[in-house]
Student: 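Here it is: the structure, laid out below.
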Amino acid sequence: MAENRKQIAVSGIQASGNLHIGNYIGAIKQFVELQDKYNMFVFVADLHAITVPQDPKKLGAQTLDAVYTYLACGLDPKKTTIFIQSHVPQHTELGWILNTITPLGELERMTQFKDKTKDQTSILAGLLNYPTLMAADILLYNPIAVPVGEDQVQHLELTRTLARKFNSRFGETFKEPKALIQKDGARIMALDDPIKKMSKSGNANNFIGLLDSEAEIRRKIKIAVTDSGKEIKYDPATKPAISNLLIIYSQMAGLDIKEIEKKYVGKSYSEFKADLAEVVLRALKPIQEKYNKFAKDKKSVLQILRDGAAEARKVAETTMEGVRAKVGFLEALQ
Ligand code: AQP
């Protein structure tokens, strides 16, 4: 279980299946690096996942898959409190309270809400209220830092706004956490459209799943969109596709982009892509092996989640006791 002396960091990933290298580079890789420095709370966001329809027969398995993936990528339950969001009911309780101080306009202007609802005729309230639940996920643990990819920065800004609003209305309660964003790789773009973010809910050719087979990875990289010209050069303005592939190469190989550019002077896109496939396969092989190992040991993983939820509930309940009193709820009767 996580130590208590260090400052707290919190983050989570939705249990919507198929975690991809964008989630890995933008978020999970950071969690693993930060777990020695911070007292980390990392959860699988099943409550967020159901803001778009999920198959009830698959949701539990998807949730566990995400946990196996966390462990396979190197999250260590001795350093990080790993748990499932719905196992800590304080998340929804604080989420509701934060809804009551959130102006509708703040939620309607969120980019993710606009993107996810742009082709929908009947919009569900859960999608709109996603950011208030996310604010609760964070504020319950009073963290100093929240490691996320760039797409979540706007939601984190709202979290800071809600912390300030709550504090000014009910008295000092929450710290304002800061986003921890990777310098490179905070926004991995789709392989089939480098103007869009790589996303698990998009077309399967847009992402490389952490559990994709060797053949799938080779195929997806081979058919990834490239730019006009033939130079392998990092320049997101004129070469968004190659720049994205260079970031993936750099993050998965642990090499500087400049070094990679040098290595491919005079070489073709297809040579570069063939090598990129090898780099990705090499990085994902140990993760996939460990995933299989954890998936065979479900009993131990469930125990990690039981312990994690107990630890998270303890911290969350302490926060909620203060919040309930400040809001003015009548004390619960025994
Ligand atoms: N393309 C990305 N590049 C870098 N970071 C990314 N993240 C997501 N996509 C990228 C980061 O991963 C963490 C978990 O994200 P999430 O699953 O909770 O939600 P999301 O951002 O909505 O991810 P997806 O893949 O786009 O999911 P769907 O399609 O289900 O909505 C976050 O820290 C996120 O920034």
Side-chain angles (χ1 to χ4, degrees), residues 9-34 40-55 58-59 62-63 65-67 69-70 73 75 84-85 91 110-120 124 126-127 130-131 133-135 137-138 143 145-157 159 177-212 224 236 240-241 243-245 247-248 250-252:
V10 177
S11 201
I13 294 191
Q14 291 186 69
S16 35
N18 286 332
L19 295 195
H20 50 72
I21 57 170
N23 297 131
Y24 176 68
I25 295 170
I28 305 177
K29 211 159 149 270
Q30 280 209 84
F31 304 166
V32 175
E33 285 158 13
L34 294 171
M40 289 279 294
F41 287 80
V42 175
F43 58 92
V44 177
D46 51 352
L47 296 166
H48 282 294
I50 61 166
T51 54
V52 294
Q54 298 291 334
D55 180 347
K58 293 189 185 153
L59 182 59
Q62 282 168 205
T63 304
D65 271 357
V67 178
T69 306
Y70 280 163
C73 291
L75 270 191
I84 308 301
Q85 187 186 27
H91 286 241
M110 291 290 117
T111 308
Q112 182 174 292
F113 174 70
K114 288 198 264 183
D115 283 352
K116 289 202 170 178
T117 55
K118 72 173 180 295
D119 300 321
Q120 294 184 9
L124 298 173
L127 263 186
Y130 183 112
L133 179 59
M134 177 166 159
D137 297 335
I138 296 167
V146 183
V148 281
E150 204 178 72
D151 61 318
Q152 294 300 330
V153 170
Q154 195 184 30
H155 289 165
L156 199 71
E157 258 324 301
T159 302
K178 63 169 193 281
L180 289 184
I181 313 282
Q182 299 257 84
K183 196 164 78 50
D184 297 308
R187 191 176 189 84
I188 300 295
M189 308 311 278
L191 296 182
D192 60 348
D193 181 356
I195 305 305
K196 286 196 193 139
K197 181 181 87 103
M198 182 177 283
S199 167
K200 42 182 137 53
S201 50
N203 163 349
N205 288 335
N206 103 81
F207 66 83
I208 295 177
L210 294 179
L211 303 177
D212 277 356
S243 299
N244 188 43
L245 297 181
I247 290 181
I248 295 173
S250 148
Q251 291 290 318
M252 297 308 254

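Both counts, for ligands and for their atoms, begin at 1 and track the order of listing.
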Student: Which donor-acceptor pairs under 3.5 Å do the side chains of residues 16-34 make with protein atoms, sequence neighbours left out?
Tutor:
unit_1: Ser16; atom_1: OG; unit_2: Lys200; atom_2: NZ; d: 3.3
unit_1: His20; atom_1: ND1; unit_2: Gly22; atom_2: N; d: 3.0
unit_1: His20; atom_1: ND1; unit_2: Asn23; atom_2: N; d: 3.1
unit_1: His20; atom_1: NE2; unit_2: Asn23; atom_2: OD1; d: 3.2
unit_1: Asn23; atom_1: OD1; unit_2: His20; atom_2: N; d: 3.1
unit_1: Lys29; atom_1: NZ; unit_2: Gln251; atom_2: OE1; d: 2.9
unit_1: Gln30; atom_1: NE2; unit_2: Gly26; atom_2: O; d: 3.4
unit_1: Gln30; atom_1: NE2; unit_2: Leu180; atom_2: O; d: 3.0

Student: Between Leu210 and Cys73, which heavy-atom pair has the shortest distance, and what is it?
Tutor: CD1-SG, 4.3 Å
Student: Enumerate the protein residues lying less than 4.0 Å from ligand 1, judged by heavy-atom distances, in chain and residue-number order.
Tutor: Gly12, Ile13, Gln14, Ser16, His20, Gly22, Asn23, Gly26, Ala27, Gln112, Lys116, Val148, Gly149, Asp151, Gln152, Gly185, Ala186, Arg187, Ile188, Lys197, Met198, Ser199, Lys200, Ser201
Student: Could you list the residues that satisfy salt bridge (charged side-chain N to carboxylate O under 4.0 Å, His left out) with Asp151, not counting sequence neighbours?
Tutor: Lys197
Student: So, does Gln62 use its side chain to make a donor-acceptor pair with the main chain of Ala15 at under 3.5 Å?
Tutor: yes
Student: Would you confirm whether Asp193, through its side chain, and Ala190, through its main-chain N or O, come within 3.5 Å as a donor-acceptor pair?
Tutor: no
Student: Holding to salt bridge (charged side-chain N to carboxylate O under 4.0 Å, His left out), I want the full list of residues that pass it with Asp46, two or more places apart in sequence or in another chain.
Tutor: none
